[in-house]
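Some notes on the structure that comes next.
Remember, it's 1-based here, ligands and their atoms both numbered in the order they're listed. We number each residue from 1, following the sequence as shown.
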Amino acid sequence: MEYRSIAEHLAGQYGLSGEEISMKPIGSGHINTTMLLTDGKRVLVVQKLNTTVFPKPEQLVGNARLIEKHLASKAQSGTYGLGIIKHVATTAGDYLVNYQDDVWRALEFIGKSYSEDVVDCAVKAQTAAGAFGGFANALNDFDATQLNTVIPDFHNLSMRIEKLKELIESDPLGRGQSCLEDIAFCESQFELAQEVNVVEATLPLRVCHNDTKINNMLFNSETNAAKAVIDLDTCMPGYWLYDFGDMVRTFCSPEQEDSTNLSNVVVRINIFEAIVKGYISAVADKLTEAEKRSFILGAKVMPFMIGIRFLTDYLDGDNYFAVKHDTHNLERARNQFALYKDIVNKEAQLSAIINS
Ligand code: ADP
Ligand code: GN1
Ligand code: MG
């Protein structure tokens, strides 16, 4: 892709004036296209928003800016210690730039930081879980009614199952033949949705991050401390079990989410323990007993539900998640089902850790 003209246009919009304008991709998010834009003096993170996933980008930015303001006031009163992701306005005061049919936004670059796709030690898992817990804590008194529902039914397993069923039925690309076993496995687990409905009814509605995957955490590159919780695009009312579950999903396996080395896609118990310690201690004074009991269900549901979403997108022809090749979503789905199976096998052990 030719970024030259985009880079120059964005640089003009955001008032970058140096001679050496350059733009290069960073990160490995599946949804937006994230780039670093610099003129040699200032650095901005610019993102082409995925308008298939977020058809109303102004709502997305509106939500993020409200959260930004809330966290900034917490930071000012000394009750939030992490960095805050901040939107940058154009010189005309806008938060979105339309260019060549695409929509872009800019964020302040948080320097001396890194994100990673696989956690390499328990200390970092505990740090990240503590930071996601601190984020949840800080949003506890945020008025959720102010937020737009940017993606309805985001963590609604019954709805995700319905979508999968529709795609199995319509099979627009004839890919169903290549994943009959995966489909049969999913079908054998559909009753999990009933359990979810029963448990959700016992839980308080919270403002959740809803995408607590490990690469949505920036670590300090000098100290490895948590630097900032990022990717606030899906912050919406929800249940903490999903934020807990998405950490388990993305921290616990020693393999990347798209690894095909399935025998190694397992829950690392020491990492699970670290998540429990980090997250529960951060939200302890607000966590209800029912929420704590629900966490094991969150740990099971998240890999299953994301697996279903990858499989659905595979059948649909890869319209949602960015893919590098034709079977990428299928490989991701199989990886997630392998993790789900391991969590189910270790359920008693994992529950004991949560309750200890
Ligand atoms: P996506 O929605 O596609 O997942 P993210 O907002 O998570 O996009 O950004 C993708 C990656 O870009 C992150 O994992 C991180 O590595 C990097 N990144 C995003 N925002 C910043 C920022 N403000 N400062 C530094 N790095 C960032
Ligand atoms: C997407 O944007 P990113 O890459 O952090 C997705 C999440 C999935 C995740 C799977 C808006 O997250 O829901 O869990 O991929 N985000 C959206 O890796 O759908
Ligand atoms: Mg992300």
Side-chain angles (χ1 to χ4, degrees), residues 24-38 42-55 57 59-61 63-64 68 82-88 104-118 128 132 149-157 160 163 208-221 226-236 238 242-243 245-251 253 255-259 298 301-313 318-323 328-329 331-333 335-336 339:
K24 61 170 201 248
I26 48 163
S28 51
H30 297 338
I31 305 296
N32 299 313
T33 306
T34 309
M35 318 275 293
L36 271 190
L37 175 70
T38 180
R42 272 174 76 201
V43 186
L44 292 179
V45 171
V46 288
Q47 278 187 323
K48 183 170 80 183
L49 298 176
N50 181 328
T51 49
T52 306
V53 173
F54 301 115
Q59 292 196 347
L60 180 95
V61 172
N63 282 359
E68 211 175 284
L82 293 175
I84 300 167
I85 207 90
K86 292 198 179 98
H87 281 72
V88 178
W104 293 79
R105 68 157 166 209
L107 304 166
E108 280 179 13
F109 172 63
I110 300 179
K112 297 198 173 116
S113 72
Y114 66 95
S115 64
E116 57 189 11
D117 295 326
V118 176
F132 277 127
T149 301
V150 282
I151 305 181
D153 292 320
F154 192 54
H155 289 326
N156 181 336
L157 182 59
R160 298 293 181 187
K163 283 259 172 265
C208 293
H209 183 281
N210 285 319
D211 193 4
T212 53
K213 75 185 206 188
I214 190 61
N215 66 18
N216 288 328
M217 173 67 53
L218 292 182
F219 291 97
N220 183 314
S221 40
K227 193 140 190 180
V229 171
I230 62 167
D231 200 347
L232 310 187
D233 298 343
T234 49
C235 275
M236 285 179 289
Y242 299 115
D243 278 357
D246 212 27
M247 287 188 285
V248 175
R249 181 182 83 77
T250 61
F251 297 16
S253 168
E255 294 286 321
Q256 304 262 5
E257 186 184 61
D258 58 357
S259 164
V301 169
M302 281 313 279
F304 182 56
M305 182 159 61
I306 304 297
I308 284 188
R309 290 176 59 196
F310 286 142
L311 186 60
T312 304
D313 199 33
D318 311 315
N319 293 312
Y320 189 97
F321 297 104
V323 289
H328 205 171
N329 270 319
E331 288 165 7
R332 288 171 176 151
N335 174 304
Q336 295 297 294
L339 184 63

Just to confirm my output: which protein heavy-atom neighbour is closest to [atom], and how far is it?
{"atom": "atom 20 (N) of ligand 1", "result": "Val45 CG1, 3.9 Å"}
{"atom": "atom 16 (O) of ligand 1", "result": "Ser115 OG, 2.7 Å"}
{"atom": "atom 4 (O) of ligand 2", "result": "His30 N, 2.8 Å"}
{"atom": "atom 13 (O) of ligand 2", "result": "Arg309 NH1, 2.9 Å"}
{"atom": "atom 24 (N) of ligand 1", "result": "Ile110 N, 2.9 Å"}
{"atom": "atom 27 (C) of ligand 1", "result": "Ile26 CD1, 4.0 Å"}
{"atom": "atom 11 (C) of ligand 1", "result": "Gly27 CA, 3.6 Å"}
{"atom": "atom 3 (P) of ligand 2", "result": "Asp211 OD2, 3.4 Å"}
{"atom": "atom 3 (O) of ligand 1", "result": "Asn32 N, 3.0 Å"}
{"atom": "atom 4 (O) of ligand 1", "result": "Asp231 OD2, 3.0 Å"}
{"atom": "atom 14 (O) of ligand 1", "result": "Asn215 O, 2.7 Å"}
{"atom": "atom 9 (C) of ligand 2", "result": "Lys213 NZ, 3.6 Å"}
{"atom": "atom 16 (N) of ligand 2", "result": "Ile31 CG1, 3.6 Å"}

How about [X] and [Y]: does a side-chain donor come under 3.5 Å of a side-chain acceptor?
{"X": "His328", "Y": "Asp258", "answer": "yes"}
{"X": "Arg332", "Y": "Asn335", "answer": "no"}
{"X": "Asn50", "Y": "Asn32", "answer": "no"}
{"X": "His87", "Y": "Glu108", "answer": "no"}

Report the part of [X] (side chain from C-beta onward, or backbone N, CA, C, O) that has a heavy atom under 4.0 Å from ligand 1; answer both or neither where that applies.
{"X": "Thr34", "result": "side chain"}
{"X": "Asp211", "result": "neither"}
{"X": "Asn216", "result": "side chain"}

Out of curiosity, [X] [atom1] to [Y] [atom2], how far, rounded to the nearest 0.5 Å?
{"X": "Asn215", "Y": "Leu218", "atom1": "CG", "atom2": "CG", "result": "9.5 Å"}
{"X": "Asn319", "Y": "Thr52", "atom1": "CG", "atom2": "OG1", "result": "7.5 Å"}
{"X": "Ile84", "Y": "Leu107", "atom1": "CD1", "atom2": "CG", "result": "13.5 Å"}
{"X": "Leu49", "Y": "Phe54", "atom1": "CG", "atom2": "CZ", "result": "8.0 Å"}
{"X": "Asn216", "Y": "Asp233", "atom1": "CG", "atom2": "CG", "result": "8.5 Å"}

For Thr312, what residues pass the side chain to side chain contact (heavy atoms under 4.5 Å, CB included) criterion, not counting sequence neighbours?
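Thr312 satisfies side chain to side chain contact (heavy atoms under 4.5 Å, CB included) with Lys163, Leu164, Leu167, Ile308 only.
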
Would you sort out whether Trp104 and Lys48 count as a side chain to side chain contact (heavy atoms under 4.5 Å, CB included), showing the intermediate values?
CA-CA 4 Å; Trp104 293 79; Lys48 183 170 80 183; 3.7 Å; yes

Smallest separation among heavy atoms of [X] and [Y], with atom names:
{"X": "Gly238", "Y": "Cys208", "answer": "C-SG, 3.4 Å"}
{"X": "Cys235", "Y": "Asn210", "answer": "C-ND2, 4.3 Å"}
{"X": "Ser113", "Y": "Ser221", "answer": "N-OG, 3.4 Å"}

The Mg ion (ligand 3) - number of protein N/O/S atoms closer than 2.8 Å:
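Those protein atoms number 2 in total.
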
Is the contact between [X] and ligand 2 made by the side chain, the backbone, both, or neither, using heavy atoms and a 4.0 Å cut-off?
{"X": "Asn32", "result": "neither"}
{"X": "Asn216", "result": "side chain"}
{"X": "Phe54", "result": "side chain"}
{"X": "Arg332", "result": "neither"}
{"X": "Asp231", "result": "side chain"}

If we only count N/O pairs under 3.5 Å, is [X] in contact with ligand 2?
{"X": "Tyr320", "answer": "yes"}
{"X": "Asn210", "answer": "no"}
{"X": "Glu257", "answer": "yes"}

Would you mind running through ligand 1 and noting each atom that sits below 4.0 Å from a heavy atom of [X]?
{"X": "Phe109", "answer": "24 (N), 25 (C)"}
{"X": "Leu218", "answer": "24 (N), 25 (C)"}
{"X": "Gly29", "answer": "1 (P), 3 (O), 4 (O)"}

I'd like to know whether Met302 forms a side chain to side chain contact (heavy atoms under 4.5 Å, CB included) with Gln336, so could you lay out the CA-CA distance, the side-chain angles of the two residues, the decisive distance to 0.1 Å, and finally the verdict.
CA-CA 9 Å; Met302 281 313 279; Gln336 295 297 294; over 6 Å; no

Step-by-step side chain to side chain contact (heavy atoms under 4.5 Å, CB included) determination, Ile151 to Val53:
CA-CA 8 Å; Ile151 305 181; Val53 173; 3.8 Å; yes

With a 4.0 Å cut-off on heavy atoms, is Met302 in contact with ligand 2?
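Under 4.0 Å: no for Met302.
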
Any atoms of ligand 2 less than 4.0 Å from a non-hydrogen atom of Gly29? List them with their elements.
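By the 4.0 Å cutoff, the relevant atoms are 4 (O).
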
What atoms of ligand 2 come within less than 4.0 Å of a heavy atom belonging to Thr234?
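Under 4.0 Å from Thr234, ligand 2 has these atoms: 11 (C).
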
Measure the shortest side-chain to side-chain distance between Thr51 and Pro57 over non-hydrogen atoms and say whether it is less than 4.5 angstrom.
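Answer yes - side chains close enough.
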
Determine, considering heavy atoms only, which of Met217, His87, Gln47 sits nearest to atom 9 (O) of ligand 1.
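The residue whose heavy atom sits nearest atom 9 (O) of ligand 1 is Gln47.
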
List the steps and the verdict of side chain to side chain contact (heavy atoms under 4.5 Å, CB included) for Lys227 and Leu82.
CA-CA 6 Å; Lys227 193 140 190 180; Leu82 293 175; over 6 Å; no

Look only at the side chain of [X] and the backbone of [Y], and say whether a donor-acceptor pair between them is shorter than 3.5 Å.
{"X": "Arg160", "Y": "Phe154", "answer": "yes"}
{"X": "Ser259", "Y": "Gln256", "answer": "no"}
{"X": "Thr250", "Y": "Asp246", "answer": "yes"}

